[in-house]
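The sequence lines fix the lettering, A, B, ..., with proteins before strands; numbering per chain opens at 1. As a basis for the values below, the full set of heavy atoms in this structure was taken, side chains included, without hydrogen atoms, waters or symmetry mates.
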There are 2 protein chains.
Amino acid sequence: MRLLPHPETEDIELTEVLRALSDPVRLEIVVRLALGGEMTCGNAGGELGVHKSTASHHYRTLREAGVVLSKQEGRLVYMSLRRDDLESRFPGLLDSVLAAAERPPVGLP
Amino acid sequence: MRLLPHPETEDIELTEVLRALSDPVRLEIVVRLALGGEMTCGNAGGELGVHKSTASHHYRTLREAGVVLSKQEGRLVYMSLRRDDLESRFPGLLDSVLAAAERPPVGLP
DNA sequence: ACGACAGTTTGATGGGGGTCAAACTTTGGA
DNA sequence: TCCAAAGTTTGACCCCCATCAAACTGTCGT
């Protein structure tokens, strides 16, 4: 098992986190990780409508922003949300983003 | 008094809000509006270290994302945070971003 | 050993964004 | 009336970013 380079918790910057979450594809990945817990890149990024190299670029963006943690095991890369790290650094932020992202786009009539 | 074009509350999109907040200059403007309430562009954007045309561009980005409301009175443009609109659409989001943005960059020793 | 599989890396491309400078618009004051 | 003040708009510049295609790196299974 091998950890990929990540920012330390105290080095996670708010604007970079917001920027990472501001892309629809990355936000979808984050929502899946929130619902499904740790999963491989393939599972987290499947059926996204983008090329796998594009998805890989998004994985890296999320990792470098400090949103996800990636560990390599064999030929698989497992990703998970850095919920505790984000919660300690920016309390409530991830939860509110997730609640907003999972909310249906239109309210009740 | 004249209102500038804004998105309806139900048309505010999460990714656009996050993107608008992901720029340090715009985030600073939002923090000032949160602390000072409604103020003119000049007051909200003074001493930011960017040209006034650049600041104007940021005002528009914030307005079009649905983060701020701008109304023109004479030659002044008053901006205010759309706190209630954002709260109803994305509960807790703005508060957590503001709390994170106003937090000192380094924790206690 | 060989091929399939999971991701990454490296161009290439097109579009958008942040910035400044300068011109413009509108308003308010002298 | 004339000029200064507050923002906006336009143009230019540069860099970054999302995307795809193709080549590459390891690893697992047969």
Side-chain angles (χ1 to χ4, degrees), chain A residues 1-6 13-30 32-33 36 38-80, chain B residues 1-6 13-30 32-33 36 38-80:
Chain A
M1 201 273 288
R2 186 176 124 243
L3 235 71
L4 280 62
H6 296 76
E13 292 198 16
L14 176 60
T15 52
E16 292 187 16
V17 170
L18 295 174
R19 207 204 157 286
L21 298 176
S22 72
D23 180 273
V25 172
R26 288 193 292 263
L27 189 57
E28 173 64 25
I29 294 172
V30 168
R32 293 183 187 185
L33 290 174
E38 184 179 71
M39 56 180 73
T40 66
C41 289
N43 288 333
E47 306 292 321
L48 281 180
V50 295
H51 196 278
K52 69 174 180 175
S53 61
T54 302
S56 179
H57 159 67
H58 287 312
Y59 305 148
R60 184 153 74 112
T61 301
L62 288 170
R63 175 168 53 82
E64 291 179 346
V67 176
V68 306
L69 186 137
S70 308
K71 41 186 176 177
Q72 196 165 0
E73 285 189 34
R75 62 178 165 180
L76 298 179
V77 175
Y78 288 88
M79 287 194 311
S80 58
Chain B
M1 201 274 288
R2 186 175 124 245
L3 235 70
L4 279 64
H6 297 76
E13 291 198 16
L14 176 60
T15 52
E16 293 187 16
V17 170
L18 294 174
R19 206 199 160 291
L21 297 176
S22 71
D23 180 273
V25 173
R26 286 192 294 264
L27 189 56
E28 173 63 26
I29 294 172
V30 167
R32 293 184 186 185
L33 290 174
E38 184 180 72
M39 57 181 71
T40 65
C41 289
N43 288 333
E47 308 292 321
L48 281 179
V50 295
H51 196 279
K52 67 174 182 174
S53 60
T54 302
S56 180
H57 161 66
H58 287 312
Y59 305 149
R60 185 152 74 111
T61 301
L62 288 170
R63 175 168 53 80
E64 291 179 345
V67 176
V68 306
L69 186 136
S70 308
K71 41 186 177 178
Q72 196 164 1
E73 285 189 35
R75 61 178 165 180
L76 298 178
V77 174
Y78 287 88
M79 286 195 310
S80 58

Heavy-atom side-chain contact between A:H57 and A:H51 under 4.5 Å: no
Considering only C:dT10, D:dA5, D:dC17, which nucleotide approaches the side chain of A:R19 most closely? D:dC17
Spacing of A:K52 atom NZ relative to C:dT10 atom P, expressed in whole Å: 16 Å
Starting the side chain at C-beta, find the nucleotide from C:dG7, C:dC20, C:dG18 nearest to A:T40. C:dG7
Under 4.0 Å between any heavy atoms, over every strand shown, what does A:T61 touch: base, sugar-phosphate, or nothing? Just pick one. nothing
Both B:D23 and A:L4 contact DNA chain C. Which one's nearest nucleotide lies toward the 5' end? A:L4
Result for 5'-nearest mapping on DNA chain D, choosing between B:T54 and A:V25, is B:T54
Measuring from the side chain of B:H57 (C-beta onward, heavy atoms only), which nucleotide among D:dA18, C:dA22, C:dG17 has the closest atom? C:dG17
B:H51, nearest nucleotide to its side chain (from C:dC20, D:dT19, D:dA18): C:dC20
Counting side-chain heavy atoms from CB outward, which of C:dG18, D:dG7, C:dG7 is closest to B:S56? D:dG7
Of the nucleotides D:dG26, D:dA18, D:dA4, which has the atom closest to the B:R75 side chain? D:dA4
Please report the interatomic distance CD1(A:I29) to CE(A:M39), rounded to the nearest 0.5 Å. 10.5 Å
